[in-house]
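Working notes for the structure below.
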Amino acid sequence: MKLLGSTILAAAFGGEVRPRPDDLTGSEAKCQPDAERDSFTAGKFPDNFKWSFATAAYQIEGAWDADGKGKNIWDTFSQTDGNVQNNDTGNDACKSYYNMVRDVSNMKSLGVKDYRFSLSWARLCPTGKCKDASGQEKRGIDHYHKFLDLLIEADIEPFVTLYHWDLPQNLETTYKGWEGAQVVEDFGDYARLVFSEYGHKVKNWITLNEAEVVCDLGYGIGVFAPGKANLKSQFDCRHHTVLAHTKAYHIYNDEFRATQKGQIGITMNTDWYEGFNESKDNYDAAQRWMDLQLGFWADPIYLTGDYPESVLKNNNDTILQRFTAEQISQNKGAADFFGLNHYTTRLVTDGNAAGENKGVDYTQHTCPQWPQAGSEWLYSVPWGYKKLLTYIHNRYDSEQYPIYVTENGVSSRGNGTDFEPELDDQWRIDHYTGYIGQMKRAIDEDKANVQVYTAWSLMDNFEWASGYTERFGMVWVNFTDPARPTYFKDSALFYSDLITTNELQCSDGTNDGTCKAAPTTTTAQTTTTSSAQLVSFSALFFLIAQFF
Ligand SMILES: CCCCCCCCCCCCC/C=C/[C@@H](O)[C@@H](N)CO[C@@H]1O[C@H](CO)[C@H](O)[C@H](O)[C@H]1O
């Protein structure tokens, strides 16, 4: 493996480069290279460390109306013109519903031992109502039995996510989905069905994937399903996701744990938010972002049972429902591990508001030096990952709640076509090497108890509102060919090597324990995006950044 120059790295990330919202000049201290901060170590990982791949049902399965499956909110959203780039849908996606053997055999060839995937709620219970047999769909239930049997036969351990964004449409139509309190009960019934059906085959359960994205993008600004834009809807959704997780945890704990002997947790997503400089106001502003994006779920479950102080202080009870004393005691400690999805970093400044808004506002910034991936929001900043892991270790006690990294990865955009697959993704290997190296530092230097690392994703798939324009996979999928042939990218071989040896090599192939991070540079602006798109993406990001 060769260390590529940073210009190539930056250009190859996307092929087609996105507009950037950077407002920093790059001369700011935290944008500058820092040898100590940016270097990372190679070498062996702890024994029993698990290397996994992740996917999600709606993003890979297709077969959107096969075998009695009910419609879900992403079917509705993507089948409505104008919601997804190119009006792409997940109707067929990677056709994994029909290609279970292909997916398992790809993993087997790569030496994969652990695989995270999600169940489609509406495949098991078409209306979302799972309480009794009349609401359940046997063909859907049988499908996942077959898939689990294939995994087990291939010696691949399943990590199963119950909810990865595809809420049965009926629940959205009947009581506004995650806005309605009834969703907590219905999610509990769904969880009970899943544990009782599959609990003898599955020992690792993840209740919800990225509730923050579900609620903020789906109900708060409406760029994801179900496409609502309302502050109260967003916070009702947030509140109900905490309660839904806690409900499922206690069902597992009380009814299944003793016999099934598995573990259960939630997966939260967060960027690393770093004070722009050492000023206390900026440090506090960054902490407020951490509280809102991560602490909203992590504090109730792993710390106090209740929302972080800044969240309680800055949101009155007409917006944010408060937990009862009983709920607080049910929330606290309701997990066996700390599931984390992490992709990128932001610098934060305080809004400098006075009066009653003091300590409320903040602004995010990115450095022009940070290489941008194929997704506009994703900048490659490996040092932020180490800081985040250390923060989680200290604040949420990773000795008690081991950290399972359930997603980390990087996208390309526009490089290669289905007819000319771009399988040389050394830039992706360099990105993973940097992030995994910084994770190793957090483990070795700061004693963060990280036990699982999961790459997003096994294969290219339906990237939500971006459709098929962004590729996160280590396996290339030809979305034009009805047979959906797949090809290993170079990164798949890199990851396979990591799984087999449990040892990280530096990008230049050396392994003396001290790799130097690849220098970074501004992404080359060779965009082919139209100016109309530039305006809309910038506007969208302005909206997201200003939202809270
Ligand atoms: C014609 C209309 C086009 C509209 C285009 C809208 C684009 C919206 C972009 C929204 C920005 C998203 C920011 C969120 C980022 C991440 O937190 C989030 N995507 C992480 O979620 C996980 O990401 C994986 C890769 O993105 C993967 O998709 C997985 O399912 C998620 O768990």
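Atoms within each ligand, like the ligands themselves, are counted from 1 in listed order. This is a predicted model, so every value here is computed, not measured.
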*asked:* Once you restrict to heavy atoms under 4.0 Å, what part of Leu378 touches ligand 1? Side chain, backbone, both or neither.
replied: neither

_Basic-acidic side-chain contact under 4.0 Å: Arg471, Asp418_ = yes

*Decide whether an N or O pair under 3.5 Å exists between Gln85 and ligand 1.*
no

*Go through ligand 1 atom by atom and flag the ones less than 4.0 Å from a non-hydrogen atom of Asn341.*
32 (O)

*Pairing residues for Cys94 by the disulfide (SG to SG under 2.5 Å) criterion, not counting sequence neighbours*: none

_Under 4.0 Å, heavy-atom basis, I'd like to know which part of Glu376 is in contact with ligand 1: side chain, backbone, both or neither._
neither

*Should one rank Tyr343, Trp377, Phe472 by closest heavy-atom distance to atom 24 (C) of ligand 1, which comes out on top?*
Tyr343

*Have a look at Ala465, Gly82, Ser411 and point out the one with the heavy atom closest to atom 2 (C) of ligand 1.*
Gly82

*Between Asp236 and Ile319, which heavy-atom pair has the shortest distance, and what is it?*
OD1-O, 4.4 Å

*What residue among Phe235, Tyr163, Tyr219 forms ring pair (Phe, Tyr, Trp, His ring centres under 6.0 Å) with Trp178?*
Tyr163

*Looking at side-chain heavy atoms only, is the closest gap between Leu303 and Arg395 below 4.5 Å?*
yes

*Would you say Asp271 contacts ligand 1, with heavy atoms under 4.0 Å as the rule?*
no

*Tell me which one of Val84, Val214, Leu217, Ile221 gets a heavy atom nearest to atom 12 (C) of ligand 1.*
Leu217

*Is the shortest N/O to N/O distance between Asn83 and ligand 1 below 3.5 Å?*
no

_For Trp165, the ligand 1 atoms whose distance to one of its heavy atoms is below 4.0 Å_ = 21 (O), 31 (C), 32 (O)

*Beyond-backbone contact of Glu407 with Arg116, side-chain heavy atoms, under 4.5 angstrom*: yes

*Go through the steps for Phe195 and Tyr190 under the test side chain to side chain contact (heavy atoms under 4.5 Å, CB included), then give the verdict.*
CA-CA 9 Å; Phe195 300 147; Tyr190 166 54; over 6 Å; no

*Contact atoms of ligand 1, heavy-atom distance to Glu463 under 4.0 Å*: 25 (C), 26 (O), 27 (C), 28 (O)

_Classify the ring geometry of Phe462 against Trp464: parallel below 30°, tilted from 30° to 60°, perpendicular beyond 60°._
perpendicular

*Run the numbers for me: atoms of ligand 1, each under 4.0 Å from some heavy atom of His164, listed by number.*
29 (C), 30 (O), 31 (C), 32 (O)

*Where's the contact between Glu470 and ligand 1, heavy-atom distance under 4.0 Å: side chain, backbone, both or neither?*
neither

_Ligand-side contact atoms (ligand 1) for residue partner Trp464, heavy atom cut-off under 4.0 Å_ = 27 (C), 28 (O), 29 (C), 30 (O)

*Against heavy atoms of Asn209, which atoms of ligand 1 measure under 4.0 Å?*
32 (O)

_Test: Glu157 and Lys113 ion pair at under 4.0 Å_ = no

_Given 3.5 Å as the limit, does a donor-acceptor pair link the side chain of Asp350 with the main chain of Ala285, or not?_
no

